[in-house]
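Heads up, the thing below is written out as structure tokens.
Letters A, B, ... mirror the listed sequences (proteins, then strands); counts begin at 1.
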Amino acid sequence: EADIYQTPRYLVIGTGKKITLECSQTMGHDKMYWYQQDPGMELHLIHYSYGVNSTEKGDLSSESTVSRIRTEHFPLTLESARPSHTSQYLCASSELGPGRFFGPGTRLTVL
Amino acid sequence: ILNVEQSPQSLHVQEGDSTNFTCSFPSSNFYALHWYRWETAKSPEALFVMTLNGDEKKKGRISATLNTKEGYSYLYIKGSQPEDSATYLCAFDRGSTLGRLYFGRGTQLTVWP
């Protein structure tokens with residue numbers, strides 16, 4: 001069974017705070033992704049990584065940053081949260097082949 | 001950004017009804033079409049990955065068909081049950097080395113007992 005974890009699951013925070021959304025997978029997958037979903041909208045790719053020390057921005061512009069120091073860990077950081085960052089953030093991973101495994105998401109609200 | 005359309009946006013059916021949804025995607029540069037089932041507060045769960053034109057896949061009461069030439073896929077649920085209530089997402093895959101997916105907005109299904 002695929003295991004990919006995200007914490008926190010829900011976060012309500014004030015404007016200007018720095019936040020880090022955690023994502024970890026236990027499958028040893030090289031490729032990892034962050035998707036963002038605003039209410040009623042599609043999932044959009046905001047960051048991806050081919051492996052350790054490899055990160056790229058996705059289709060949707062995002063003020064967040066990511067890092068990939070370890071294969072299993074792909075955290076996303078917002079240096080100064082704003083209400084426009086209110087959204088759901090999903091982490092995913094994959095290996096060779098078309099399969100993708102998703103975490104349960106973090107629902108972020110910035111007041 | 002590629003355009004992937006899903007319809008209807010939401011659907012309410014009675015237990016026992018059969019239902020179907022549509023996913024439309026670009027007919028060029030096709031590699032695969034993914035269907036996911038996403039229950040509230042859970043991870044999206046992969047249902048099918050479809051790659052061949054004319055492909056039909058089945059998992060229990062759920063089945064899917066694929067037409068890559070005209071760019072659409074149907075998902076069918078036979079005899080809907082309340083536990084089928086979820087958002088059903090489709091995602092278009094061009095087969096890039098990254099493995100990027102382009103998602104539709106989903107069809108939200110509610111099955112009433």
Side-chain angles (χ1 to χ4, degrees), chain A residues 1-10 23-27 29-51 54-62 68 74 87-107, chain B residues 1-11 21 23-26 29-52 55 57 59 64 66 68 73 86-108:
Chain A
E1 172 149 332
D3 290 318
I4 180 163
Y5 306 99
Q6 289 187 244
T7 57
R9 296 291 309 279
Y10 303 92
C23 174
S24 295
Q25 50 100 358
T26 60
M27 298 165 282
H29 289 168
D30 284 326
K31 297 177 188 174
M32 294 190 74
Y33 316 84
W34 276 102
Y35 288 87
Q36 181 178 343
Q37 186 188 36
D38 294 330
M41 301 297 287
E42 306 89 336
L43 285 160
H44 284 296
L45 184 69
I46 52 172
H47 297 285
Y48 60 91
S49 169
Y50 284 110
S54 150
T55 62
E56 299 286 345
K57 289 193 176 293
D59 300 314
L60 186 68
S61 175
S62 173
R68 190 89 183 275
F74 191 39
S87 191
Q88 179 159 225
Y89 295 85
L90 255 77
C91 181
S93 71
S94 72
E95 198 47 89
L96 294 174
R100 306 283 187 285
F101 301 94
F102 284 87
T106 294
R107 198 173 289 275
Chain B
I1 295 180
L2 295 177
N3 200 30
V4 178
E5 300 282 346
Q6 288 189 250
S7 62
Q9 184 177 345
S10 65
L11 197 54
F21 328 129
C23 173
S24 301
F25 51 86
N29 298 317
F30 177 88
Y31 174 72
L33 193 284
H34 301 246
W35 280 102
Y36 287 90
R37 180 173 176 273
W38 192 4
E39 287 183 75
T40 303
K42 293 187 178 180
S43 304
E45 171 199 356
L47 288 174
F48 305 112
V49 181
M50 309 182 77
T51 57
L52 299 175
D55 212 2
K57 297 217 173 189
K59 186 176 182 179
L66 179 69
T68 60
S73 175
T87 297
Y88 291 83
L89 295 172
C90 72
F92 176 72
D93 185 348
R94 291 193 299 188
S96 63
T97 51
L98 165 66
R100 188 178 309 194
L101 298 182
Y102 298 88
F103 284 86
R105 295 186 183 186
T107 293
Q108 188 172 2

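- Although no hydrogens or angles enter the test, the distance criterion places no donor-acceptor pair under 3.5 Å between the side chain of A:Arg100 and the main chain of B:Ala46.
- Only the side chain of A:Leu45 comes within less than 4.5 Å of a heavy atom in chain B; its backbone stays farther off.
- With a 4.5 Å cut-off on non-hydrogen atoms, B:Leu101 touches chain A through its backbone and its side chain both.
- In this structure, B:Pro44 and A:Gly103 approach most closely via the heavy-atom pair CD-O, 3.6 Å.
- In this structure, no portion of A:Gln6 lies under 4.5 Å from any heavy atom of chain B.
- For the atom pair CD (A:Gln37) and CH2 (B:Trp38), the distance works out to 4.0 Å, reported to the nearest 0.5 Å.
- The 12-atom threshold is not exceeded at CD of B:Gln108, counting heavy atoms of other residues, nucleotides or ligands nearer than 6.0 Å.
- Around NZ of B:Lys42, the count of heavy atoms belonging to other residues, nucleotides or ligands within 6.0 Å does not exceed 12.
- Within 6.0 Å of atom CD in B:Glu39, more than 12 heavy atoms from other residues, nucleotides or ligands are found, so the atom counts as buried in its surroundings.
- The two atoms that bring A:Pro104 and B:Ala41 nearest to each other are CB-O, 4.5 Å, heavy atoms only.
- Here CG of A:Asp59 is found 4.5 Å from OH of B:Tyr102. Values are rounded to the nearest 0.5 Å.
- Distance check: A:Phe102 CZ to B:Glu45 CD gives 12.5 Å after rounding to the nearest 0.5 Å.
- Between B:Arg105 and A:Asp38 there is no salt bridge, since no side-chain nitrogen of the basic residue lies less than 4.0 Å from a carboxylate oxygen of the acidic one.
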